[in-house]
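The chain is numbered in sequence order, starting from 1.
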Amino acid sequence: MRTLCTLASTAAIALVAGYAGSAAAKTVVTMNTVQIFGTIDPAKISDYTDYMSAVNLYDSLTTVDPTGKIIPELAESWTVSDDAKEVTYKIRADAKFSDGTPVEAKDVVYSFERLFRINQGPANLFTDVLKPGSIVAVDEKTVKFTLSKTFAPFLTTVPAVFIVNSDVVEANKGSDDAQAYLGSTVAGAGAYKLVEWDRGARMTIERDPNYYKGFGKGAIDEVRWIITNDEATVRSLAASGELTMTSQYQSPETYKALADMGRFTVVSEPTTTAFYLKLNTKVPPTDDVHIRRALALATDYQTIREVILPGGELTTPLPSGFAEFHAADVPAPKYDLEAAKAEIAQSKYAGSEIPITLGYVAGTKFEEEISLLMQSNLEQLGFKVTQQSDPWNRITEIATKVETTPAVNQIFFSPTYPSPDSMFFTQYHSKSAGTWASAEWLQDPAIDALIDEARSTADVAKQAVIYKDLQRKLVEIQPDVFLMTQTVQHAMDKCLTGFKAVPMQSFDYDFTRYSWTCN
């Protein structure tokens, strides 16, 4: 981190490899991420790094605070009709894109309709709810959404769609609806501008001094993300003074090493992010429910949560942070190898060696340790284990086909919007199949029906009953092993403040919420 002042740990800091120029007179945060930024196109974003960049480069009509409350962003207000099928947003008079042109209702219409045409990223959230023509510009600063049916989570999904400058994008539309253009260029109203992006190594963004919402005291002028999951590299960057903030996926040893340097504080918060072993229900041997239950019983939850990676108890697919909707009567999963043997005996694979592939993110130490622990336990039960480590971009690619998705995958999943629907629709509904988030390939009509029923009622009490029933059914058919809720941790320079967990994917890393407190 560079500021006008001298850092406590060093008087002069070398630039991160590959960066050039001086950071004099700038407040710069350098943070590592453990996976690449797959895309910066708002119509295609899907995972934590995609949203991390998007929430800084673009704005939406609304955003989310740490309590999960929907708060204004481009929109200053909104109204909902009595039947909840019409929602009208009033855009701020001073809202403008980074090129200085005003944000208007036509830009909102264009952004959503482009999303529907491309049909990637958050598009599936609005399937059968919105369609081309159902969003209209009432006037330059007013936009109305007409839903085809009651969709209880609608207000919570809107922050997931970032607004593009329709004139700029249309002028660069080309033959692919501007996918090539927005794959490398930003046309938004975000607080930061893209400076550099080397897909496999780093990304740099800088503060837009003309941002319509302005900045608070101690604003972060520049953010540099370095892509590395190598623990030694992270410790080296910290020791040299180049690193300001770690990713949330470091090993306990790395957090301790940085805390011992004296410059860093390790911040820790419970989250609604869940960590699963996702079980492909369509390939052997995890196509058998008894094998899936055996895997859950062969998981040493205590060692994983207390030794390998700190986390909270996860008893159902829905983290208990969604307290009103959580099925608290479901008992915690248990580690019991004898019970696992009994489940295997009931499976169609009983009596023979059982081949199984365990997938995880390559180079992620704690995932490797979890996978090796699972191998040790499973081999005691007669499984022949193959370890399959892939880089994240490869994992997202192979998850698009049922036959290439491993039997077991380690996956973190955060709510894309602050509603239980985010945890269920994106992971378990048949319309979401073919993504890394739905690597279970569940495609179960009974599960779909419950998800659809919860989406179609605005009665919160009724939703709670449905969601609790849904959790019990999912626990029964065991499409996942419920490892833990993530306790997010970052080692942060003591002068950097502002991190607060938000129940929406990567909205915690909106750097307008951070500040540098040292003079």
Side-chain angles (χ1 to χ4, degrees), residues 1-3 5-19 23 28-36 48-49 52 201-202 220 223-271 273 275 302-312 360-373 389 391-392 410 412 483-484 486-501 508-509 511 514 516-518:
M1 175 91 184
R2 281 182 183 76
T3 67
C5 65
T6 301
L7 292 179
S9 60
T10 180
I13 303 172
L15 283 169
V16 175
Y19 287 108
V28 179
V29 166
T30 300
M31 176 183 177
N32 78 292
T33 71
V34 300
Q35 67 188 46
I36 67 170
Y48 103 91
T49 45
M52 185 186 293
R202 59 186 175 265
I220 308 304
V223 181
R224 300 172 177 176
W225 287 295
I226 303 170
I227 301 163
T228 180
N229 57 15
D230 180 73
E231 303 286 346
T233 300
V234 173
R235 292 193 292 270
S236 176
L237 288 168
S240 70
E242 296 167 356
L243 193 73
T244 316
M245 179 177 178
T246 67
S247 82
Q248 69 270 48
Y249 299 118
Q250 304 307 142
S251 69
E253 293 82 5
T254 294
Y255 289 121
K256 184 179 184 305
L258 268 63
D260 289 345
M261 291 178 188
R263 183 166 63 91
F264 293 92
T265 298
V266 178
V267 297
S268 177
E269 288 196 7
T271 72
T273 297
F275 189 24
Q302 184 174 357
T303 297
I304 292 172
R305 290 199 302 258
E306 295 182 6
V307 179
I308 298 177
L309 183 70
Y360 65 93
V361 179
T364 306
K365 184 180 177 183
F366 67 85
E367 291 199 8
E368 180 181 7
E369 290 177 354
I370 291 171
S371 209
L372 290 172
L373 177 61
S389 63
W392 178 248
Q410 292 186 47
F412 284 93
L483 291 178
M484 68 175 74
Q486 184 186 15
T487 298
V488 68
Q489 293 187 90
H490 292 281
M492 295 174 58
D493 191 296
K494 291 179 178 180
C495 292
L496 181 65
T497 64
F499 174 75
K500 190 73 177 174
D508 337 61
Y509 307 108
F511 276 91
Y514 290 66
W516 186 254
T517 60
C518 297

Novice: Whether the Thr30 and Glu242 side chains hold a donor-acceptor pair (N or O, under 3.5 Å, no angle test) is what I'd like checked.
Specialist: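 There is no such pair between these side chains.
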Novice: Under a 3.5 Å distance rule, please check whether Lys494 uses its side chain to pair with a backbone N or O of Gly262 as donor and acceptor.
Specialist: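 A pair under 3.5 Å: yes.
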Novice: Answer yes or no: is there a side-chain heavy-atom contact under 4.5 Å between Glu253 and Glu231?
Specialist: no
Novice: Taking atom OG of Ser371 and atom CD1 of Ile308, what is their separation to the nearest 0.5 Å?
Specialist: 10.0 Å
Novice: Quick one: does Thr364's side chain have a donor or acceptor within less than 3.5 Å of a partner on Phe366's backbone?
Specialist: no
Novice: Taking the side chain as every heavy atom from C-beta outward, state whether Phe275 and Leu309 have any atom pair closer than 4.5 Å.
Specialist: yes
Novice: Using modelled atom types and a 3.5 Å cut-off, is there a donor and acceptor pairing between side-chain atoms of Gln489 and backbone atoms of Tyr255?
Specialist: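 Pair absent, no side-chain N/O of Gln489 close to backbone of Tyr255.
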Novice: Testing the basics here: between Gly311 and Thr487, what is the closest heavy-atom pair and its distance to 0.1 Å?
Specialist: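 In terms of heavy atoms, the two residues are closest at CA-OG1, 3.5 Å.
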Novice: Return the minimal non-hydrogen interatomic distance between Asn32 and Ser247, and the atom names on each side.
Specialist: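 Smallest heavy-atom distance, with atoms named: OD1-N, 2.8 Å.
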Novice: Roughly how far, to the nearest 0.5 Å, is the CE atom of Met52 from the OG1 atom of Thr33?
Specialist: 6.5 Å
Novice: Could you give the distance from CD1 (Ile304) to CD (Gln410), rounded to the nearest 0.5 Å?
Specialist: 8.0 Å
Novice: Looking only at atom types and distance, does a side-chain atom of Glu269 sit under 3.5 Å from a main-chain N or O of Ala501, one as donor and one as acceptor?
Specialist: yes
Novice: Using 0.5 Å steps for rounding, measure from the OG1 atom of Thr233 to the CD1 atom of Ile227.
Specialist: 13.0 Å
Novice: Between Val266 and Ala259, what is the shortest heavy-atom contact and its length?
Specialist: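 What the structure gives for the nearest pair is CG2-CB, 4.1 Å.
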Novice: Ignoring hydrogens, what is the shortest heavy-atom contact between Ala257 and Arg235? Give both atom names and the distance.
Specialist: CB-CD, 3.6 Å
Novice: State yes or no: are the ring centers of Phe412 and Tyr249 separated by less than 6.0 Å?
Specialist: yes
Novice: Would the distance check show the side chain of Arg263 and the main-chain N or O of Ala238 forming a donor-acceptor pair, the cut-off being under 3.5 Å?
Specialist: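 Indeed, once roles are kept as given, a pair shorter than 3.5 Å links the two residues.
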Novice: Report yes if some heavy atom in the side chain of Val234 is under 4.5 Å from a heavy atom in the side chain of Thr228; otherwise report no.
Specialist: yes
Novice: Output yes when a side-chain donor or acceptor of Thr244 lies under 3.5 Å from a complementary backbone atom of Asp493, and no otherwise.
Specialist: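 Side chain of Thr244 to backbone of Asp493: no pair is present.
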Novice: Looking only at heavy atoms, what is the nearest atom pair of Leu496 and Met492, with distance?
Specialist: O-CE, 3.5 Å
Novice: Got a second to check how far Asp508's CG is from Thr273's OG1, nearest 0.5 Å?
Specialist: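 If we round to the nearest 0.5 Å, Asp508:CG and Thr273:OG1 are 7.5 Å apart.
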Novice: Taking Glu367 for the side chain and Val361 for the main chain, is one N or O donor matched with an acceptor at less than 3.5 Å?
Specialist: yes
Novice: Considering non-hydrogen atoms only, spot the tightest contact between Ser251 and Lys365 and give its length.
Specialist: CB-CD, 4.4 Å
Novice: To the closest 0.5 Å, what do you measure between NE2 (His490) and CD (Gln250)?
Specialist: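 Going from NE2 on His490 over to CD on Gln250, the span is 9.5 Å.
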Novice: Is the closest side-chain heavy-atom distance between Val34 and Trp392 below 4.5 Å?
Specialist: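 Not touching, per the 4.5 Å side-chain cut-off.
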Novice: If the plane angle is over 60° it's perpendicular, under 30° parallel, otherwise tilted; pick one for Phe499 and Tyr514.
Specialist: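 Phe499 and Tyr514: tilted rings.
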